[in-house]
2 protein chains.
Amino acid sequence: MSISSIPELVQPNADELRAFDALFSASSAIGATPAGGLHRLAASAQDGQVRDLFRIWLDEHGFDVHIDAIGNVFGLMTLTPGAPYVLCGSHLDSQPSAGRFDGVYGVLAGATAIVGIAQRLRASGHRAPCNLAVVDWTNEEGARFQPSLTGSSVFTRAMSLDDAWACEDRQGVTLKSALEQIGYLGDAMLDLPIAAYVEMHVEQASNLEREGLAIGVVRETWAALKWRVRFDGEQNHTGPTPMADRRDALLAAAHTIAAVHAEAVRHGAQMHSSVGRLDVYPNSPNVVPSRTILHIEFRSPSTALLDGTATRFEATLRNIAEQTGTRIEIESRQLRAPLKLHDGLSRLAHDVSLQLDLPAGDSVTVAGHDAISMSRVTPTCLLFVPSRGGVSHNEAEYTADADLHNGLRLLSALLERICTEPSSYL
Amino acid sequence: MSISSIPELVQPNADELRAFDALFSASSAIGATPAGGLHRLAASAQDGQVRDLFRIWLDEHGFDVHIDAIGNVFGLMTLTPGAPYVLCGSHLDSQPSAGRFDGVYGVLAGATAIVGIAQRLRASGHRAPCNLAVVDWTNEEGARFQPSLTGSSVFTRAMSLDDAWACEDRQGVTLKSALEQIGYLGDAMLDLPIAAYVEMHVEQASNLEREGLAIGVVRETWAALKWRVRFDGEQNHTGPTPMADRRDALLAAAHTIAAVHAEAVRHGAQMHSSVGRLDVYPNSPNVVPSRTILHIEFRSPSTALLDGTATRFEATLRNIAEQTGTRIEIESRQLRAPLKLHDGLSRLAHDVSLQLDLPAGDSVTVAGHDAISMSRVTPTCLLFVPSRGGVSHNEAEYTADADLHNGLRLLSALLERICTEPSSYL
């Protein structure tokens with residue numbers, strides 16, 4: 001499809017931009033940190049409060065609200081009963097001491113955009129071939145409960161509801177009971193016919209900023225290898241126990257953390273790695289640690305590279321266990337294969353950006369997003385707006401208002417195009 | 001003094017041994033773990049329960065009970081009003097998932113011994129030149145609240161009451177409010193005239209077992225260097241953030257843990273080292289850790305060796321910080337100098353052991369004990385009974401009944417000698 005054939009795009013007006021700003025500002029106050037960030041873990045009291053805010057806002061703006069059995073909050077804007085839905089959204093939960101934009105932006109921009117589109121379509125008397133919906137996915141972050149992307153994975157049946165309900169936080173609270181406690185445990189999963197899924201997100205990298213682009217159209221994702229590894233040693237007194245007799249699970253963890261880092265460094269820009277979470281038991285100053293649990297990640301555009309790493313690293317772990325007199329167990333292994341987002345939707349996003357005079361480029365995402373879950377079951381488009389300095393999962397995360405509004409303009413125009421002309425991206 | 005000049009020693013009879021067994025068994029049930037250990041952190045609900053048990057037992061057996069302002073529980077057996085007290089004791093708190101013997105044994109053996117001695121002295125009409133007392137010191141372990149040896153350090157004025165009250169656990173609960181909550185925050189410190197302090201403890205090493213000895217008379221302690229070190233990095237997403245841009249506080253901690261271990265290994269048997277506690281923030285799988293706090297220990301018989309380690313290790317830490325792009329702060333430094341226990345009391349303990357036919361040897365303690373606090377202000381004797389395999393701070397910690405009874409026999413005879421003949425150890 002050539003640009004000239006794209007119909008004129010109606011855009012969010014100043015009132016709609018103000019409505020978005022007000023909603024975003026109200027969200028930012030819930031779980032706000034003194035340094036201007038957000039601390040709003042999945043299914044926490046704060047998550048409950050922001051869900052309430054979102055639910056009430058949806059009600060007031062003509063959406064039908066549905067809470068499903070894993071706590072996903074859907075706002076349905078039904079224009080043509082029986083037609084499939086163009087779904088957009090992201091997540092309202094955050095990492096600890098994190099930013100205000102990650103996830104939140106996509107949910108609130110989506111909701112605002114839909115209200116404007118529905119008003120215009122209803123005013124025009126146009127009978128749209130699709131309906132619209134927005135969603136807040138439960139526990140995208142995987143900070144309080146592992147694994148991440150829980151709500152979208154259950155929705156797409158990549159994960160069973162029972163497994164998701166059973167996830168426990170550090171205090172042994174299950175996700176099911178946490179959702180029940182905040183009043184967001186719905187009765188059943190929602191069987192929603194979906195035409196396409198669109199997610200708008202902050203980039204969490206500095207490529208757009210560096211290249212002076214307003215929009216990143218994500219074409220593909222990196223693969224990720226995630227292992228949870230446990231070392232068992234022996235609890236003992238740190239004083240009298242001779243060094244040679246110790247079986248120190250924290251020493252084993254320390255060697256592992258250094259090796260995880262070294263593995264990425266040797267592959268240059270082709271691999272990222274981390275240990276973000278380390279649990280130590282009993283974690284008392286005078287006790288040789290008897291148990292450590294590490295959450296290890298390797299990410300790469302190349303699955304072959306990760307396969308090699310997996311083999312080599314398992315040997316490294318056994319070596320470390322032997323040298324420290326500990327026992328090693330790889331408790332879980334998860335390989336998230338790389339994937340390509342929907343070509344037609346990506347092309348359409350580029351076309352609409354061009355028509356709106358928004359400079360756009362192709363992007364790659366290293367981070368996981370609910371769009372990655374969704375792309376396995378429906379045509380999916382993932383879009384980025386710039387993140388200042390690429391800083392994310394940090395209170396200093398920042399995207400300028402102008403960039404947020406650019407993204408909202410694109411999202412609004414793109415959703416309207418998909419909704420009214422679903423053939424335009426096929 | 002020659003052995004022949006020691007008066008005949010009266011010994012605990014079978015009833016007294018049974019009384020000790022019953023009391024020890026009742027204690028072991030409070031905070032018991034399924035694996036036969038003890039989990040009874042300082043000023044926890046379980047610590048409150050065992051203190052209640054102990055206080056009621058003291059009441060029933062003729063002690064005057066005093067709770068001081070840092071929660072130390074004293075049981076006074078006043079034989080001669082106005083005379084100084086021979087104090088014995090240890091602590092009823094434990095490390096997490098630890099053993100039933102560490103500390104507990106010394107408190108309960110001391111209380112049992114005093115009851116028997118007082119009965120015999122009162123029956124004989126002997127006017128003793130000293131009184132007797134037993135004490136349970138608050139937070140010896142330093143597991144929930146740091147530093148360790150809190151109760152005995154406040155008693156000896158090595159630590160101010162305000163500083164001790166202000167110690168916080170991981171949840172930010174102060175020691176003062178935790179004591180208040182379990183009903184063990186007394187009004188004031190106790191001004192008790194003390195003639196001597198005796199502590200009986202399990203060895204937590206395997207020297208006595210290996211040498212076939214029943215009793216270890218501790219002559220000196222190792223020095224200990226304890227640092228709390230903090231690395232500050234930058235919180236960021238573990239996915240997109242380029243490896244070179246990361247300032248990973250956990251990677252810095254990992255290099256430090258390996259270096260702490262290497263430092264001890266290079267000094268052979270002359271140094272022990274450990275990192276027993278490591279706090280990671282935010283400790284979420286997808287976030288580069290922004291802050292780690294390490295509790296580092298080096299122990300050695302030689303202060304000179306520790307001085308050299310301190311200098312060298314500070315440079316090592318700065319190096320690690322530079323290489324990982326983190327900031328390092330040494331938040332606290334504590335050097336516990338080595339010391340010698342009281343010569344006269346040690347000799348008397350040997351003499352009494354010999355008279356009781358208990359094979360005894362000189363010991364050194366690497367672990368800290370309340371006796372170390374007390375030895376700075378009063379003649380102090382620290383005694384060990386065997387620990388099977390040297391295992392301690394572990395649920396498998398074990399001392400056989402016969403060894404517990406041997407220790408009780410010695411403690412009983414020794415306390416009676418000191419109480420009735422305080423000149424015998426001078």
Side-chain angles (χ1 to χ4, degrees), chain A residues 95-98 141-143 146 148 203-205 222 224 226 234-243 245 248 250-251 253-255 257-258 261 264-265 269 272-290 295 297 299 365-368 390-395, chain B residues 95-98 141-143 146 148 203-205 222 224 226 234-243 245 248 250-251 253-255 257-258 261 264-265 269 272-290 295 297 299 365-368 390-395:
Chain A
Q95 290 284 340
S97 311
E141 292 291 1
Q146 283 83 41
S148 56
E203 187 189 15
Q204 308 179 290
W222 277 30
K226 300 190 179 193
E234 187 182 36
Q235 196 171 317
N236 228 315
H237 198 301
T238 58
T241 314
M243 295 304 287
D245 292 354
D248 184 339
L250 182 54
L251 181 62
H255 288 312
I257 292 162
H261 185 258
V265 168
H272 291 174
S273 74
S274 72
V275 178
R277 176 172 168 184
L278 168 65
D279 296 316
V280 183
Y281 192 82
N283 213 23
S284 179
N286 299 328
V287 185
V288 177
S290 58
H295 291 249
E297 276 183 11
R299 303 187 194 229
T365 181
V366 182
V391 173
S392 185
H393 288 188
N394 184 308
E395 291 165 293
Chain B
Q95 289 284 341
S97 312
E141 292 291 1
Q146 284 83 41
S148 55
E203 188 190 15
Q204 307 180 290
W222 276 30
K226 300 189 179 194
E234 188 181 35
Q235 194 170 317
N236 227 316
H237 199 300
T238 57
T241 315
M243 295 305 287
D245 292 353
D248 184 339
L250 182 54
L251 181 62
H255 288 313
I257 292 163
H261 185 257
V265 168
H272 291 174
S273 74
S274 72
V275 177
R277 176 171 169 183
L278 167 65
D279 296 317
V280 183
Y281 192 83
N283 212 23
S284 179
N286 298 329
V287 185
V288 176
S290 58
H295 291 249
E297 278 183 10
R299 304 187 194 228
T365 180
V366 182
V391 173
S392 186
H393 287 188
N394 185 308
E395 291 166 291

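When reading the values below, keep in mind they use all heavy atoms of this one structure, side chains included, and skip hydrogens, waters and symmetry mates. Chain naming here is simple, since letters A, B, ... match the order of the sequence lines and numbering starts at 1 in each.
When each of P282(A), P240(A), A143(A) is checked for heavy-atom pairs under 4.5 Å with chain B, P240(A) comes out on top. Chain B forms more heavy-atom pairs under 4.5 Å with one residue of L251(A), D248(A), V391(A) than with any other, namely L251(A). Heavy-atom pairs under 4.5 Å with chain A were tallied for G390(B), A264(B), A254(B); the largest tally goes to A254(B). By number of non-hydrogen pairs under 4.5 angstrom with chain A, the leading residue of V275(B), D245(B), V280(B), V265(B) is V275(B).
Interface remark: V288(B) contributes no atoms to any contact with chain A (heavy atom separation under 4.5 Å). Only the side chain of P289(B) has a heavy atom closer than 4.5 Å to any heavy atom of chain A. For a residue to count as touching a neighbouring chain, one of its non-hydrogen atoms must lie under 4.5 Å from one of that chain's; by this rule S97(B) touches chain A with backbone and side chain alike. Contact of H272(A) with chain B is made through backbone and side chain together, with heavy-atom distances under 4.5 Å. At a 4.5 Å heavy-atom cutoff, the contact between Q204(B) and chain A is made by backbone and side-chain atoms alike.
The side-chain hydrogen bond (donor to acceptor under 3.5 Å, both in side chains) check on S148(A) picks up nothing, with sequence neighbours excluded. Residues passing the ring pair (Phe, Tyr, Trp, His ring centres under 6.0 Å) test with H237(A), sequence neighbours excluded: H393(B).
Taking all atoms of both residues into account, the shortest heavy-atom contact from H295(A) to P285(B) is ND1-CG, 3.9 Å. Residues G142(B) and S284(A) approach most closely at O-OG, 4.4 Å, considering heavy atoms. Residues H255(B) and A258(A) come closest through the heavy atom pair CE1-CB, 3.9 Å.
From L250(B), atom CG reaches atom CD1 of I257(A) across 4.0 Å, with rounding to the nearest 0.5 Å.
For the pair Q235(A) (side chain) and P96(B) (backbone), a donor-acceptor distance under 3.5 Å is present. The main-chain N or O of E141(A) is found under 3.5 Å from a side-chain atom of N286(B) such that the two form a donor-acceptor pair.
Looking at heavy atoms from C-beta onward, N283(B) lies in side-chain contact with D279(A) at the 4.5 angstrom threshold.
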